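Below, chains carry the letters A, B, ... as their sequence lines are ordered, and counting in each starts from 1. This one's a predicted model, so the numbers in the text were calculated from it and none came from an experiment.
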Amino acid sequence: MSDMLLELSGIELAFGAYTVLEDASFSVPKGAIVSLIGPNGAGKTSLFNCITGFYRPRKGSIRFDGREIRGLKPHHVTAAGIARTFQNLRLFREMTVLENVMSGMHCRTRAGAFAAILRTPMQRAEEAEIQEFSRECLEFVGVREGFDREATTLAYGHQRRVEIARALATKPKLLLLDEPAAGLNAGEKQQLIELIGRIRDERGVSVLLIEHDTGLVMKVSERISVLDHGVMIAEGKPKEIQSNPKVIEAYLGQEDAEAGLDL
Amino acid sequence: MNLSDIVAQQLVNGLVLGSFYALVALGYTMIFGVIKLLNFAHGDLYMVGGFVGFLALSAISGVVGGDWPGVFIAMLFAMIAVGCLGVVIERVAYHPMLAAPRLSILITALAVSLVLQNAVLGLTGGQYQAFRADLGFGGFDIGSLFIQHNQMVLVGTAALLMVALQLFVTRTQFGRAMRAVSIDKDMCQLMGINVPVVIAVTFFIGSALAAAAGTMAGAYYGSIWYFMGFLIGLKAFTAAVIGGIGSIPGAMLGGLVLGLLEAFGTQIPGIGSEWKDVFSFAVLILVLVLKPTGLLGKPEQERM
């Protein structure tokens, strides 16, 4: 068996006549932190949506942990061990911080609706376990208080962490982070870098992130893949990517070049 | 009777009426929560619940009698049967329409309502059916106030069902999933929540609660007919809107408020009980004008 956790090959995604991904291939080794970068509109989030089962690619294969997951429904993909956060905050409004994280454990619970209606001892014990693990996840990401507050009343940076805690509560093998640093200040970014490292080192969860902050990408990732116009144009170690002419061209070719790759 | 007696008596009447409204309104609001559909067929599930309860009671009353124990068994049976019917309706009629424009599924709900009403009309010939419950009229006096045992059992049962629902929704993983689905379905899938199953269970519970109300109403008022769900459907909708549609505590509160308003409203000099419905719907209009989100509803947030 290969030592790759996630392997995408020949992914092709189109909406009508508009091709979003064209023969996209890349992989995430077990236990690695990999970044996916590329100019705006390159198809990065679409690629995430393909992996998590929201979009159904026309062609290609997505192997996760030695198993084909292309075409699986999103909740099955989550059950298989892939968790994800979004670019914009997507916490459940009107639910508390703790409840948000607890909802992440849905696919890891055994007690079904009927056990819940009857409140069997097994269901009660499981409920206690769920709470315990969710608290642990929150503490792991550095949220130590305000568990009973409505999630959307937390400060922005904290909401981001709660999202990560909720994703961790699904007990994933691979965590997909979609622009986790968006809207964070310099101090929070530094904490995020540490958190991503700890997620891999302490919990053994591989991480794949989309990020525009190239400083953060260079610091945190072991491998970087570059997507441009739906095509993978480069893949390698951060150093190699920095000096890759194709990558420089892709970034300089667009108008916000200064804001782009901080080489 | 002096004034305080009238108040106390109407309080009891209002609680009984309000319990029925609340039970039906709960289903309304839960279904609205998960698929944003005003299920206009919901009152008819109450009606079908009345009939299933009637059939079940007729079948078992020879063994267990027609008093409350028998009614409870019949009610349980009606809840399971109508709960399943609700799931079937969702799968057959609503599920294929989920991606369609909102108006289409609303019209589908009206069609389901007509189908249920006419099916029962066809089977019963449109006759009132005497509900063969034998509840008696025992009770006790508090001063000049008379409370029937039936009224207490009825309000107590409704309260028990509502407390159970509230516990289920706030204290269990499945209940949390249900609330999560009403907030953000896509995100739920990423949490590994099987959304169609959650929707099905919501329909089961909502329909079962309506059936419980239908059986109890049949036993309490002594008769059922195919059109009995129409008005209570509208009233439950009113109750759900008063409480804040989509909110479970709101539906309970809205049901009780509406029941009490009707009970007291008919006591205002010059407004007889024939004005009861006018009174309710006037309240609906007032709520829609003054506080469209209802008593416990939260304003809809637009995501930018």
Side-chain angles (χ1 to χ4, degrees), chain A residues 48-49 52-54 73-86 88-96 98-120 123-124 126-127 129-131 134 150-152 163 166-167 169-172 176, chain B residues 33 76 79-80 83 87 160-161 163-206 208-209 244 246-250 293 296-304:
Chain A
F48 267 27
N49 283 335
T52 49
F54 277 105
K73 294 223 168 75
H75 68 267
H76 287 135
V77 174
T78 309
I82 300 182
R84 154 180 199 183
T85 66
F86 277 91
N88 45 353
L89 290 171
R90 292 278 292 269
L91 288 173
F92 296 123
R93 287 177 287 126
E94 296 153 36
M95 285 170 82
T96 68
L98 188 62
E99 283 178 333
N100 260 283
V101 179
M102 287 168 81
S103 72
M105 288 189 69
H106 194 86
C107 59
R108 305 291 169 223
T109 50
R110 295 173 311 277
F114 282 98
I117 289 171
L118 300 171
R119 289 178 73 71
T120 57
Q123 188 268 337
R124 277 161 189 257
E126 189 170 56
E127 184 74 4
E129 262 172 56
I130 293 168
Q131 255 205 41
S134 302
E150 214 169 279
T152 43
E163 273 202 321
R166 185 176 63 177
T170 67
K171 300 191 178 171
L176 309 184
Chain B
L76 213 60
M79 286 173 78
I80 293 169
V87 174
L160 201 73
L161 287 172
V163 168
L165 178 68
Q166 187 62 18
L167 281 177
F168 174 71
V169 168
T170 55
R171 299 283 173 80
T172 69
Q173 190 67 355
F174 208 92
R176 262 190 299 281
M178 215 143 121
R179 285 156 61 209
V181 165
S182 73
I183 300 170
D184 188 341
K185 284 192 193 52
D186 288 347
M187 198 65 225
C188 282
Q189 297 188 306
L190 286 173
M191 299 290 101
I193 295 170
N194 190 339
V195 175
V197 167
V198 173
I199 292 174
V201 171
T202 307
F203 266 84
F204 183 91
I205 295 175
L209 290 174
S247 155
I248 287 175
T293 51
L296 300 183
K298 296 208 168 151
E300 189 76 23
Q301 284 172 355
E302 280 296 325
R303 223 192 288 277
M304 301 296 280

Rounded to the nearest 0.5 Å, what separation is found between the CG atom of Leu98(A) and the CZ atom of Arg176(B)?
-> 7.5 Å
Measure from the side-chain N and O atoms of Thr78(A) to the backbone N and O of Gln189(B), and report whether any donor-acceptor pair falls under 3.5 Å.
-> yes
Side-chain contact test, heavy atoms from C-beta onward, threshold under 4.5 Å: evaluate it for Arg90(A) versus Leu190(B) and give yes or no.
-> no
Between CG on residue Asp186(B) and OG1 on residue Thr52(A), distance to nearest 0.5 Å | 9.5 Å
Check the surroundings of atom NZ in Lys185(B): do more than 12 heavy atoms from other residues, nucleotides or ligands lie under 6.0 Å from it?
-> yes
Measure distances from Glu127(A) to the heavy atoms of chain B and classify the residue's part below 4.5 Å as side chain, backbone, both or neither.
-> side chain
Which atoms form the tightest heavy-atom contact between Gln173(B) and Thr109(A), and what is the distance?
-> CG-OG1, 3.8 Å
Correct closest heavy-atom pair for Gly192(B) and His106(A) would be O-CD2, 4.0 Å
If we only count heavy atoms from C-beta on, is the Phe92(A) to Arg179(B) side-chain gap below 4.5 Å?
-> no
Decide yes or no for His75(A) and Val195(B): does some side-chain heavy atom of the first lie under 4.5 Å from some side-chain heavy atom of the second?
-> no
Which residue out of Met105(A), Gln131(A), Arg108(A), Met95(A) racks up the most heavy-atom pairs below 4.5 Å with chain B?
-> Met95(A)
Measure distances from Ala180(B) to the heavy atoms of chain A and classify the residue's part below 4.5 Å as side chain, backbone, both or neither.
-> both
